[in-house]
Asker: 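There's a structure below that I have some questions on.
Numbers restart at 1 for each chain; the letters A, B, ... are given by sequence-line order, proteins then strands. Since this is a predicted model, take the numbers as computed values, not measurements.
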Amino acid sequence: MAHGRLANSGPASNSDSTATILHADLDAFYASVEQLLDPSLRDRPIAVGGGVVLAASYEARSFGVSAGMPGWRARQLCPGLTFVGGHFREYQRLGDEVIEILGAFTPVVERISIDEAFLDVAGAVHLFGPPATIAAAIRGRVRGEVGLPLSVGVARTKHLAKVASQVAKPDGIVVVPPGAEHAFLEHLPVGLLWGVGRVRQAQLAGAGIHTIGQLAAVDGSVLDNLVGKGAGGKLGALAGNIDPRRVEAPRAASSIGAQAALGRRQATTGLLHSTLGYLADRVAGRLRASGRAARTVTVRVRFPGLRSVTRSVTVRPAISETLTLTERAVELAGTALAQHRGEREITLLAVSVSNLVEPACQLELPLRSGASRARSKAAVGASRWLVDRSMDGVRAKFGRAAVGYATVVFSDMDRVPEAFRELAQHDPRSSE
DNA sequence: TCTGGGGTCCTAGGACCC
DNA sequence: TCTGGGGTCCTAGGACCC
């Protein structure tokens, strides 16, 4: 690193310009947990996953193996690679333990995924010392009590703290003292900025922009033309270190979805019904558990070659009934497929709901005389909702498999471990 | 032989309203 | 007769994040 590791930020002042934002990020989390659980895997190139690499140990990364890579490609790059199945419940448990340790230093913790969180330690320096000292103490406790390597970035803003923790990896601390921000960022690659992925990195590289310093020097309108207006403004602010976001409590999710990879399959009516039924069942269940209903339903159909289309519909009243969601999803998938008749096979189906609202009172059953179509529709909705609620209750006691709609119970969609689906939801509120 | 599951945010065009 | 401007909502797609 051009700027090395700034292990010391000097004595902390109590002024507003002190860097008190920490970003704590577990290193190669899934892979590190596997190496923790099975000592024979330590110091060896391993990957969690199978068809796709979910996480790679640093030993594997040195061969070029990285998360998201197809399994066959990873084996090509690293012939000695060991694949491990994945202990998803352990990931959740150990991730929670780490977050608990963070909470011992400050209540201002914003968990943003299973393995990383922001902290603002402004109110904790009197108890625990300067931020750099707190960062070191956190790392020590996580290493000692949980057994996992954690990297920490310390800076004045969240975004900068996150960049710093990436620079600190593996297993390090980087402190960016106030005033040193521009020097710190100048020679770092643009890809370290939040919001710069493969595509934008390539766009920027095409314009000769490789470092954050170069990006900060670019005129705003030029940047807008390069990567689009919204992204351009954001990137400019980030590169120029104007980033006022605070550490905050997690919000409720604004969408809920589920998907299932199918391999290559003929899009038969039977496949559509069973798969969409299964997915709608998962989504609607979580929707009801959150006490909300959805106005917008979206279905995604993916074809070979990762080409995908989405179809969505916005309805009123909002829905949370499994069968109603299934019907909308089947209709949408039908529309999408009718518009892509050339496609013989599909590789994935996804159902998601958004536009989430507080449900209207579900128990008003308009069952009096002369049921109009609207009224009978409402009655169907209400009775479906009651059936769903009683199934939710049974499942809460006896597990998902205890009861369900026939197409769902008999579908073969549980190839993906339930624990992985639960983990992927990573709803930060669930582990308070 | 391009793969897993779960999300967020942004854009652009069109419908529709005043 | 069809011109102005502004706003909201909806749909489809895409980049990005873990």
Asker: Taking only side-chain N and O atoms of A/Ser255, does any of them lie within less than 4.0 angstrom of OP1 or OP2 on B/dT8?
Answerer: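 Looking at the OP1 and OP2 atoms of B/dT8, one of them is under 4.0 Å from a side-chain N or O of A/Ser255.
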Asker: Please give, in whole Å, the distance from B/dT3 P to A/Gln76 CD?
Answerer: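 Rounded to whole Å, this separation is 15 Å.
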Asker: Among B/dT8, C/dT11, B/dG6, which nucleotide sits nearest the side chain of A/Gln259?
Answerer: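 Selected nucleotide (nearest to the side chain): B/dG6.
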Asker: Measuring from the side chain of A/Arg200 (C-beta onward, heavy atoms only), which nucleotide among C/dA15, B/dC9, C/dC10 has the closest atom?
Answerer: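 That would be C/dA15.
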Asker: When the C1' atoms of B/dC17 and C/dG4 are considered, how many whole Å apart are they?
Answerer: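 Rounded to whole Å, the distance is 14 Å.
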Asker: So which one's nearest nucleotide on DNA chain B is more toward 5', A/Ala261 or A/Ser254?
Answerer: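 The residue mapped nearer the 5' terminus is A/Ala261.
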Asker: For C/dA12, which nucleotide is its Watson-Crick or G-U wobble mate, given both distances must be under 3.5 Å?
Answerer: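 Base partner found: B/dT11.
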Asker: Taking the side chain of A/Arg311 as heavy atoms from C-beta outward, which of C/dG13, B/dG5, C/dC10 is closest to it?
Answerer: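 In terms of side-chain proximity for A/Arg311, the closest of C/dG13, B/dG5, C/dC10 is C/dG13.
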Asker: Quick one: A/Phe303 CZ to B/dC2 P, roughly how many Å, whole number?
Answerer: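 Computing the A/Phe303:CZ to B/dC2:P distance gives 16 Å.
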Asker: With the stacking rule set at 5.5 Å and 30°, tell me whether A/Trp72 counts as stacking on B/dT1.
Answerer: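 By the stated criterion, A/Trp72 and B/dT1 stack.
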Asker: Would one find a side-chain N or O of A/Arg73 under 4.0 angstrom from OP1 or OP2 of B/dT1?
Answerer: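 Checking A/Arg73 against B/dT1: no side-chain N or O falls below 4.0 Å of OP1 or OP2.
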Asker: With respect to A/Asp27, which candidate in A/Lys169, A/Arg139, A/Arg143 satisfies the salt bridge (Lys or Arg N to Asp or Glu O under 4.0 Å) definition?
Answerer: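 Passing option: A/Lys169.
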Asker: What's the closest nucleotide to the A/Val309 side chain, out of B/dG6, C/dG13, B/dT3?
Answerer: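 The closest nucleotide is C/dG13.
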Asker: Measure from the side chain of A/Ser312, starting at C-beta and using heavy atoms only, and say which of C/dT11, B/dC2, C/dC17 lies closest.
Answerer: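 Out of C/dT11, B/dC2, C/dC17, the nucleotide with an atom closest to A/Ser312's side chain is C/dT11.
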Asker: Side chain of A/Val313 only, please: which of C/dT11, C/dA12, B/dT8 is the nearest?
Answerer: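 The answer is C/dT11.
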